Structure formats: structure tokens, C-alpha cells
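Step one of this worksheet: look at the structure below.
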Amino acid sequence: MNPLVLFHLAALLLLGLGLYGITRRRSLVGMLIAVELMLNGAGLALVASARLTPAADELGQLGALLVMGLAAAEATLVLAIILVVAKRWGTSDSATISSLRG
Amino acid sequence: MEEMVASAAYGLYLALIVAGGLAAVRCHNLVRALIGLIMTLFGVAGMYFLMAAPFLALMQILIYVGAVSVLIFFAIMLTRAPGGEAGHESLRPRMGLRELLSVASGLLPAVILAGIVAGYAPPALPLKSEVPLARLGQFLTGPYVLAFELISVVLVVAMAGAVLLGFERRKGQ
Amino acid sequence: MRRLMKALKGLWSLAVGLRITAVELIKPQITVHYPRKEVDNLATYRGHIELVPQDEDPGTPRCIMCWRCVDICPSRCITLRMHVQGEETGRAADPGLRLSPDVQVPYSQHLAPPPDRIVRVLDGYRLNYSLCSLCGLCVQSCPVDAIRFTGNAYLVGTTRQTFDIDLLARLQQRAASTAAARGAARAA
Amino acid sequence: MIAQLTAWLMHPLGHMIAALAAIMAFVGVNGLVLVYMERKVAGFIQRRPGPYEVGPQGLLQPVADAGKLISKQLATPEGADRLMFWAAPILSMAPVVICFLPIPFSPLLTGMDVNLGLLLILAFSGLNSLALCLAGWGSNNKYSLLGAARAVAQAVAYEIPLLLSVLAVAFQTGSLNLSVIAQEQTRGLLSWNVFTHPLAFFIFFVASVAETNRSPFDLPEAESELTAGFHTEYSGMGFGLFFLAEYSYMVIVCAVATALFLGGWDGPVLPGIWWFLAKVFGLIFVMMWFRWTFPRVRFDQLLNICWKWLIPLGLLNLVVTALMIKLVR
Amino acid sequence: MGHDVNEKLTGDFYTKHFAPALSEDGDTLILNIGPQHPATHGVLRVVVELDGEYIRKSEPVLGYIHRMHEQMGEVKTYPQYLPNMGRVDYLHALAWNWAYVGAVEKLMGITVPPRAEYIRVITCELNRISSHLLWWGAYLLDLGGFTPILYGFADRERILDILQIVTGSRLTYCYFRFGGVVTDVTDEFIALTRQFCRDFTQRLPMYRDLVTGNMILRGRCEDIGVLSPEMARRYGATGPVLRGSGVAYDVRRFEPYSVYDRLAFDIPTGQAGDAMDRYEVRMAEMAQSVRIIEQALEALPAGDVVSPDLPERVIPPKGEIYFAVEGARGKIGVYLLSDGTAKPYRLKLRSPSFSNLSLFAELAQGTLLADAISIMGSLDLVIPEIDR
């Protein structure tokens with residue numbers, strides 16, 4: 001099979017798993033894990049597209065690098081939010097914090 | 001020979017991704033889910049290696065495994081539900097409508113996109129040679145300097161925000 | 001700037017510490033490596049007690065069976081058996097508590113008890129060393145200096161019986177062995 | 001036959017496999033040597049002989065220790081997560097082998113001559129903190145949990161000054177290949193980076209002492225506070241693997257320090273490998289010397305040293321280095 | 001897969017005691033430090049409630065090595081109780097010897113010959129140095145420094161050798177007797193003690209350089225466990241703990257017993273009352289003890305070592321008595337109530353470690369776990385003395 005398609009399929013698999021996880025998980029941390037899966041899929045797709053097509057190689061690699069930086073920033077922020085949520089509501093269950101009353 | 005090794009490596013990495021990903025979304029125990037995530041991360045790093053992008057692979061391990069997953073681990077440790085056990089969550093009821101919807105929401109975009117990818121993929125070029133690190137650096141400080149600066153700003157803002165949120169938590173006590 | 005100076009001073013204090021350990025590193029060892037070498041200050045160490053033989057007869061203890069050591073011992077680790085010459089049965093030490101104020105003697109200043117007209121014979125003198133706390137009250141309270149400390153610091157054993165020491169047998173054994181040694185020396 | 005073997009060894013894959021095998025042997029032997037060395041150094045500093053009974057001068061003591069560890073029962077505490085509990089020591093040990101690959105023991109003796117060797121070591125050594133996390137979490141023990149939390153905070157914090165100090169050297173050499181960096185320093189004693197980057201060397205060494213959880217930064221296993229920290233519950237080889245990993249990481253950071261700052265294999269008369277090993281073990285001796293001299297710092301002090309001193313100093317050093325390079329060119 | 005360690009608590013009385021706080025806020029962790037723990041130096045258990053690494057509440061739990069010393073005093077005759085005194089506080093056994101012997105002497109009106117008094121001072125102060133040296137090493141061990149304890153032991157071993165000459169034992173001395181001491185000191189003892197005093201004075205700067213001046217140690221001790229004089233009084237703290245807070249109270253000076261009023265010595269005090277001050281006080285006290293020993297050796301008179309007019313039987317008259325001496329850890333008090341028989345009617349021991357330990361719960365509140373260990377070390381607790 002075409003190697004490009006193979007890599008893209010792996011990336012899509014990650015996306016699917018991430019989507020499934022984000023709907024199925026109840027805790028915020030679990031959702032964060034699912035989001036990381038999807039971000040990884042994005043990075044993989046970017047790199048594969050850049051490496052195996054005539055597109056500029058650097059574009060894909062740097063794009064994936066930026067995705068990683070974004071993931072780190074996002075994880076930091078989400079961690080802080082989760083802590084605040086856990087402090088306020090005593091749980092990180094997404095269902096219990098559906099109200100915005102605070 | 002090379003071809004075979006590459007296929008075998010791809011298979012191995014894909015297996016890592018699948019097994020890890022399933023563990024990440026299905027394990028009741030959040031720490032096990034995290035281990036699943038880490039397995040997936042390694043799988044993706046392996047795929048980067050396979051595409052002759054070792055820098056990216058190592059960065060993947062350095063950033064994701066060394067930093068992000070450790071942060072997640074902290075989040076798991078610090079959010080203990082009262083009465084319940086930390087790092088343990090009961091997933092939504094199995095095989096209900098929601099489960100079906102979950103599977104569908106995961107499968108639908110993947111299947112649609114997979115069709116597009118499989119149908120309209122351009123022919124893959126033979127693997128280009130490894131991009132030297134210096135060239136990546138030149139690009140980062142040249143054409144992509146805005147993105148580079150933006151991501152730094154995002155990181156700084158995220159850190160500041162996290163610190164602020166943390167302080168608010170202390171005050172709330 | 002002050003903080004920088006303070007940090008530098010702190011680093012210097014660490015370096016001073018390192019210098020001291022480095023100097024100690026090359027100094028000779030001060031431990032005594034036991035199985036090969038033993039400590040040499042056991043002369044003043046006071047291990048478990050032993051019976052002192054009479055000056056003229058190394059096989060017979062000096063003990064006059066006044067029971068003071070048995071009575072003073074806080075942990076009751078001395079057992080004494082004796083009989084009066086002519087009487088058929090021996091008298092074992094009273095197994096009950098003998099803490100009546102009439103018999104306890106703190107330590108005697110080496111005053112001999114009143115002379116006895118009956119002759120007493122020591123049948124047994126045992127020390128339960130696992131109970132002994134080496135306080136030395138028995139040695140002090142003995143009016144005739146019939147008990148003394150040994151310098152036995154290396155007493156080890158795997159059973160409790162090892163520490164139940166028959167001091168009378170020990171004394172007689174020692175006397176026999178010295179006599180044998182003396183005989184052997186004379187023969188040589 | 002011999003020709004075949006050499007041909008196989010010249011092939012990158014064969015070379016790597018051979019290197020991995022050699023490294024595994026080295027890690028094992030090295031564990032024994034360092035255990036002996038640590039105990040002897042401790043003994044001499046405390047003016048006692050150290051191990052003495054098993055074998056001549058106690059040389060077989062580490063072998064006896066290893067035998068004891070191997071023969072012990074592997075107990076899993078009640079309520080522990082078996083998978084995580086036993087995955088942790090393995091995860092702690094596994095990256096060690098990879099970390100050894102890019103280290104240039106001599107101009108020729110390098111497991112794998114990778115361009116990104118430094119990055120490889122940094123990336124894989126980061127796994128150790130994760131292993132400590134799992135150990136702490138999986139043990140179902142409060143002391144372990146506290147130890148794990150400390151280990152993570154410490155590892156994450158000290159990775160930054162470590163990277164900063166390494167970057168200064170990488171800037172100058174323009175390469176992340178340890179062999180190239182070491183090669184750069186073979187032009188006499190003064191070309192050693194420790195003279196051009198003394199501050200970077202200082203930061204690197206302090207940070208690496210902290211990264212390897214060595215005293216005075218051994219908070220994750222602070223025995224007077226946390227009994228044994230993250231490995232409280234481990235018995236037998238579970239503990240042995242953590243132990244071996246700790247010593248291997250010591251060798252790795254000291255080898256990296258040697259290659260980065262101390263001229264690698266550079267030295268007169270003797271072949272390079274001996275110089276390299278001598279420098280590595282010299283640095284390890286200093287680490288042991290620290291351990292047997294200093295008390296332990298407190299946790300907030302540990303983080304203060306990192307955030308208030310090492311990171312600003314590292315940044316300063318990096319900026320100054322960059323400026324100097326710009327000016328010189 | 002129980003990871004909520006709090007839920008797994010089987011919960012005896014003391015841990016349940018902490019449970020209400022848990023329900024209102026699930027963020028805390030209850031940790032049992034001890035009964036077997038490297039930092040408690042004995043079988044002491046401290047239950048702490050941790051918020052992160054901060055101690056929210058703590059409570060020491062006693063009684064793990066209760067040996068009924070007080071009760072034993074009531075079933076044994078006066079001389080038979082002597083060996084017990086070496087075992088209440090095994091590190092400063094001679095001070096306890098002295099407290100008990102002194103109480104009985106005071107009750108019976110026995111005068112002690114001057115030579116015996118000086119010998120008591122010399123041996124007791126030597127014992128004090130050895131106790132402080134052990135504390136010094138153990139405290140550094142608490143703070144993660146492994147080597148100092150062995151350096152301290154090298155000096156301590158010499159003291160034990162010296163004390164062995166007269167007492168015959170090395171740790172649990174039973175040397176003092178009603179009206180004197182067991183054996184007279186020998187010339188060897190005097191020479192060795194003189195030599196030790198000289199050498200030890202030269203060793204003290206090494207201790208200072210290695211440890212006291214060390215930045216890490218200062219960071220671990222300064223401003224940790226600040227004990228105000230008022231609080232120290234409230235809990236009845238004595239000894240170096242009290243003096244570290246700036247209260248110059250020393251039984252040897254303020255309720256002089258024996259010949260201490262004839263010897264010149266300073267009472268070192270601290271200012272802030274933190275762990276470092278307690279540390280410095282003990283280090284200074286060792287130098288003062290050396291000073292006392294040197295003076296006592298100079299002034300050592302000839303004569304008996306046991307009172308010649310000692311009654312045959314130790315049966316004090318009816319009455320009660322309280323006698324206190326200054327131990328290495330503080331004021332050691334013995335209260336005796338005699339009903340005129342051969343055994344005490346009641347014997348009460350006031351042990352300094354008990355009062356000093358009671359400080360801990362308040363001092364440790366709000367500190368880091370590592371600081372709590374440092375505080376506990378700086379209080380210099382001897383657990384058997386607490387559970388007497």
C-alpha cells in the first residue's frame with residue numbers, strides 16, 4: 001500500500017480514538033488524555049504529508065513541533081483548570097460542573 | 001531487506017499506537033490510561049523515526065513523555081474525588097445510546113477522512129533525506145518566525161495563567 | 001548583591017566541608033576490625049559475675065552462703081542451693097519473692113557476718129545472665145568478696161541455656177584445668 | 001568467518017546490536033563497581049574500612065549483594081497495582097541502555113554515532129521520572145506517593161537548567177553530536193569547555209546531581225523523612241533495578257559532562273578510553289564525596305536553588321555565549 | 001486497586017481522631033510516622049495530617065516502649081531500683097542515677113564525701129558530652145548527613161572508654177550509690193580525661209567547619225520551629241530547648257546541687273528559639289562541660305568515695321522529697337514518697353523529653369514534613385524517657 005496512506009491512516013486512527021475517548025470519558029483528566037491523542041494524530045499527519053509529498057519538508061516538521069509546543073501549553077493550562085475545578089467542586093467529573101454558577 | 005524491516009517497524013509502531021490508544025480511552029484506571037497514552041506517544045515517535053525525522057521523534061519523547069505526561073500524572077494525583085478513589089473513574093454506562101454515539105463520533109470522521117485519504121492520496125515520493133537541524137533552525141527564525149514567536153507567547157501566557165489559577169486556589173482556601 | 005555574597009559564602013562553607021571530609025578520607029582508619037583484632041581495654045570491663053575461690057583451695061568458693069547477693073539482686077538472676085553439713089536434704093533458694101526488709105542489705109562495707117557454728121556446703125550457684133543488668137549490687141554486697149566480675153565481653157549463644165551459667169561448675173572446672181596444667185608443667 | 005563478523009559489525013544494525021550487548025554488560029559490571037566504590041568511599045571518609053570480608057579487600061561484596069537481591073522474594077504490597085508496580089523498575093532501567101548509545105568513550109568506541117546524541121540522552125533520561133511516578137503510585141503507600149511527587153517536581157525543574165547549560169556548549173560547537181563536541185576539545189587542555197564555560201559546567205553538574213537524585217538532592221528517597229521514598233515497597237530485584245538505574249544514570253551524566261566539558265577522551269600517553277573512564281569516575285567520586293559530606297536540602301530550598309539561581313544563571317550564560325559567538329564571527 | 005490511601009485506613013483511635021477533618025476536605029493525607037521510622041529514633045509514633053507536604057495537624061502517640069519504671073520503683077527496694085535509672089534515659093544515664101541517688105540521700109540526710117561529689121560531676125559531665133555528641137550525629141542523620149555521626153562516635157567512644165574504667169559498663173551505667181560512687185577514679189582515668197578534654201577542645205572547630213557553618217544545615221535549621229520563651233514555659237520545656245529560646249535556666253545554676261556552685265561555667269542561650277539556636281546551645285554546652293570537667297579535675301580532693309557513716313539498711317524515714325538535676329535534655333526530677341518501709345510508696349519521675357515532645361504538635365503545625373523532622377531532631381528526644 002502507499003506509505004503515505006498508511007501513515008495517514010494511523011493518524012486518522014488516533015483522531016478516531018481521541019474523539020471516542022473525549023465523548024466517553026467523564027473526568028477532565030481523561031478528556032485531556034484523549035485530546036493529546038488527537039493532537040498526536042495531527043502531528044503525524046502533518047509530518048507524513050510533508051515528508052512523502054513534494055511539499056516543503058521543513059513546513060511539516062516545524063508544524064509538528066509547534067503542535068507539540070501547543071500541547072505543552074494546553075496541558076499546563078488544563079492542569080491548572082482541573083485543579084481549580086477539583087478544588088471548587090471536589091471532583092473532576094465533567095457532568096457535575098455543567099452549571100456555570102460557580 | 002530494508003523494505004521488510006520498515007514494514008515490520010511500521011507494524012510494531014501501529015500496534016503500539018492501537019494498543020496504547022485503546023488503553024488510553026478505555027481503562028478505568030486513569031494512570032493506566034496515561035500509560036496507554038505514553039505507549040501511543042512512543043508509537044508516534046517511532047513513526048517519525050521511520051519517516052527519517054529523528055529530531056522530531058526525540059522532541060516528541062522529550063516534550064510529550066518528559067513533560068506533558070508528567071503534568072497529566074500530576075493532575076491525576078491532585079484530583080481526588082471525595083469518597084471515591086483518585087485516578088479511578090467509572091466510564092459512562094456501557095452499550096447504551098451514548099456508547100453508540102461515542103463510537104459513531106469516533107468512527108464517522110475517521111471513516112470519511114479515510115475514504116478521502118485512500119481515494120485521493122497523491123502518490124508517495126520515496127523518502128527524502130533527513131533535514132539537517134541547522135536548516136530547521138533557519139526556517140524557524142526565518143519564514144516561520146511569527147509562528148515561533150506566537151508559540152512562545154502562548155507558552156508564556158499558559159504558564160502565567162496556570163500560576164494565576166494556582167494562586168486563586170490558594171486564596172480560596 | 002548581598003544575596004550573591006551570601007550565596008558565595010554558602011558555597012565556600014560547602015567547600016570547607018568537602019575539605020574536611022577529604023582530609024578524613026586519607027587519614028588512617030580508627031575502627032578495630034573485630035575478628036582479626038580485638039579491643040584492648042577489656043581489663044576494666046565488667047561482664048557477668050563469677051565465684052572467687054578460696055586462697056588455699058582453688059576448687060572451693062569463698063561463698064559463705066549468706067544469701068545477700070540473692071536478696072539484693074533486682075532481677076533475681078542468682079540461684080543458690082546449699083545444705084547444712086549433716087542434714088540430709090539441701091535447701092534450695094526460696095523461689096518466691098524474698099524482698100522482705102529484714103533480709104535485704106544494700107552493700108555491706110565488707111562487714112563479715114557473725115560466725116556460723118554450722119558448716120554450710122554450697123551445692124549450686126547459678127546465674128541467669130539473660131536477666132542480669134550488670135548493676136554490680138551483688139558484688140558490692142558480698143561480705144567476703146566471694147563474687148567478682150569477669151571481663152567476658154564476647155559471650156554469645158544461640159540458646160537461652162547458654163546464658164544460664166552454673167558458676168560453681170565453672171569454678172571447679174577452672175580449678176581442675178589449672179591444676180592439670182600445673183601438673184603438666186611440673187611433669188615437663 | 002572473521003571477515004564476515006567484521007562485515008556484520010560494520011553494518012549499522014549489527015554495530016548497534018553489538019553495542020547494545022556491550023552496554024548491557026557494561027551497565028551490569030558498572031553497577032557492581034560503583035556499589036563497591038560507594039561503600040569504600042563512605043568507609044574511608046568515615047574512617048572505617050568499608051566492605052572487607054567477602055573476597056580480598058571485600059571485592060566480592062557487591063557480587064554477594066547482587067546475589068542477595070536476586071534471590072529475594074519479590075513481594076507485591078496489598079492493594080498495589082501489580083502492572084504499574086512491576087512496570088516501574090523496568091521502565092526505569094530500560095532507557096539506560098539507549099542513553100549509553102551515543103556516548104563517545106573514545107574516537108572509535110561509540111555505540112551509535114548519532115547527530116542528535118545529546119537530545120537522545122536528554123529525551124530518554126526523562127523517562128526515569130515517569131518510572132518513579134509509576135513506582136510511587138503503584139505502591140499503594142503514602143511515603144512512596146510523596147516520594148514520587150517530589151521526584152517529578154524535582155526532575156521537571158532541574159531538566160531546564162540542565163538543558164540551558166548544555167545548549168551553551170551546543171551553541172559554540174554547533175552540533176548535538178557528542179563525538180563532535182568531544183573532538184572539538186582535543187586541541188590541548190585549554191580547549192576544554194570547562195574553561196570556556198565554567199558556569200555552564202557548574203550548572204550542569206549541580207543539575208545532574210539533582211537529576212540523578214543524589215545527595216544533597218536525594219529528596220525522593222529521603223530516608224529520614226520518607227523512609228525510602230518511591231522504592232519503599234520494593235524488594236529484591238525490583239529495588240535492585242532502581243538501584244542499578246540510579247548508578248547507571250550517574251555514569252551517563254558524568255560521561256556527558258566529560259564529553260561536553262572535560263575534553264572527552266583527550267589526554268596524553270594513555271589511549272583515549274582510559275582518560276574518558278578516568279574522568280567519568282573522577283566525577284562520580286565527587287558525587288559520592290558530596291553525598292557523604294552534606295546534609296539534605298529541603299524541598300522548597302531545592303526548587304529555589306533551581307528557579308532562583310540555576311535557571312537565571314543558565315539563561316545569562318546562554319545569552320552571553322550567544323553574544324560572544326556573534327561577536328567573534 | 002485501592003489508590004485512595006485514606007480510605008484504606010484501618011484506623012485505630014488516633015487515626016480516627018483525625019478523620020473528621022478529612023470529610024470536610026478530601027485533600028489531606030493522614031500519615032503515620034512511626035512507630036518504626038528512621039527519624040523517630042525509637043518507637044515513637046506521630047500521626048500527621050498532611051496537606052501536600054505541609055503539616056496541618058500532628059499528634060505524637062506514646063506508649064510503645066512503656067516499661068513501668070515508676071511502678072517498678074514501688075515494688076523494689078531502694079537499692080534494687082538503682083539499675084533502672086541507667087535505663088530511663090540511656091544516653092545520659094548518670095544524670096538519672098544522680099537524680100534518684102540524690103533524692104534518697106536528701107530524704108535520709110546522708111552526706112556525700114567531697115571526692116565522691118567531684119567524681120560525680122566529672123563523670124556526669126563526660127556523660128553529658130557523650131549524649132550531646134550522639135544527638136549531634138543523630139540530628140545530622142535526620143537531616144541527611146551520614147558522616148558526622150561517625151565522627152561524633154569517634155569522640156564518644158573515647159568517653160565511653162574513660163567511663164568504662166570506673167563504671168565498668170559503656171552505656172547503661174549504674175555507678176552512683178547512696179552516699180557516694182561505686183569505685184574510686186584511677187590515675188589512668190584522670191590522665192585520659194585530661195587528654196580527652198584537650199583533644200576535644202581541638203576537635204570542636206572541625207565540627208563547626210564541617211557542619212555548623214554549612215549552608216545547607218543552616219538552611220534546614222534557621223527559622224525552623226521557632227519556640228517562644230512564653231510557649232516553652234507553657235509546656236514546661238527545660239534544658240537546651242528552653243535555653244535555645246533565650247531563657248537561661250539551668251538547674252545546676254539556679255537550684256545548685258552537689259558542688260556545681262563552686263565551679264565556674266556559662267549558660268549558653270540562643271535568641272530566636274529556632275532549631276539552629278537549640279543546636280548552637282548544645283554545641284556550646286559541650287565546651288562548657290569540658291570547662292567544668294577541667295575545673296573539677298583540678299579541685300578533686302582526696303578521701304572516701306562512699307560515705308563512711310552509711311546505715312546498714314536503706315530505709316528512709318516517712319516523708320516526701322523532690323530532687324532535680326540538669327540532664328542533657330533538661331530538668332530531671334525524682335519525687336519520692338516514703339512510708340518508712342524498704343520500698344518507696346510512690347516514685348514519680350519527671351523526664352525532660354516528655355515535656356519537650358509535647359511541644360512538637362504545636363511547633364510542627366503548618367511546617368513542611370522535612371521541617372517537622374528537623375524540629376523533632378532538634379528537641380533531642382529519647383523515647384524510653386518519654387514512656388517511663
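Chain A is the first sequence line, chain B the second, and so forth, proteins listed ahead of strands; every chain is numbered from 1. All of these numbers come straight from a predicted model, not from anything done at the bench.
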Compare every heavy atom of E:Ile216 with every heavy atom of D:Pro295, then report the nearest pair and how far apart it is. O-CG2, 3.5 Å

Are there over 12 heavy-atom neighbours, none belonging to D:Phe202, within less than 6.0 Å of that residue's CZ? no

How about E:Leu150 and D:Arg48: do any of their side-chain heavy atoms sit closer than 4.5 Å? yes

Is it the side chain or the backbone of E:Ile149 that comes within 4.5 Å of chain D heavy atoms, both, or neither? neither

Quick one: pull up CG in E:Asp371 and CG in D:Asp300 and give me the separation to the nearest 0.5 Å. 7.0 Å

Can you say whether E:Leu368 sits under 4.5 Å from chain D via the side chain, the backbone, both, or neither, judging by heavy atoms? side chain

Can you name the closest pair of heavy atoms from D:Tyr143 and E:His37 and give their distance? OH-CD2, 3.3 Å

What are the two closest non-hydrogen atoms of E:Ala370 and D:Arg298, and how far apart are they? CB-CG, 3.7 Å

How long is the span from the CZ atom in D:Arg296 to the CG atom in E:Leu217, to the nearest 0.5 Å? 12.5 Å

Portion of D:Arg291 that has a non-hydrogen atom of chain E nearer than 4.5 angstrom: both

Which distance, rounded to the nearest 0.5 Å, do you find between the CG of D:Leu145 and the CG of E:Leu50? 11.0 Å

Specify the closest pair of heavy atoms between E:Thr147 and D:Thr293, including all atoms of both residues, with the distance to one decimal. OG1-N, 4.4 Å

Pick from E:Asp142, E:Leu369, E:Leu140 with the largest number of heavy-atom pairs that fall under 4.5 Å of chain D: E:Asp142

Hey, is the main chain of E:Tyr151 close enough, under 3.5 Å, to the side chain of D:Gln46 for a donor-acceptor pair? no

With E:Phe146 as partner, the option from D:Phe294, D:Trp292, D:Phe290 fulfilling ring-ring contact (aromatic ring centres under 6.0 Å, His included) is D:Trp292

Distance (rounded to the nearest 0.5 Å) between D:Lys142 NZ and E:Asn32 CG: 6.5 Å

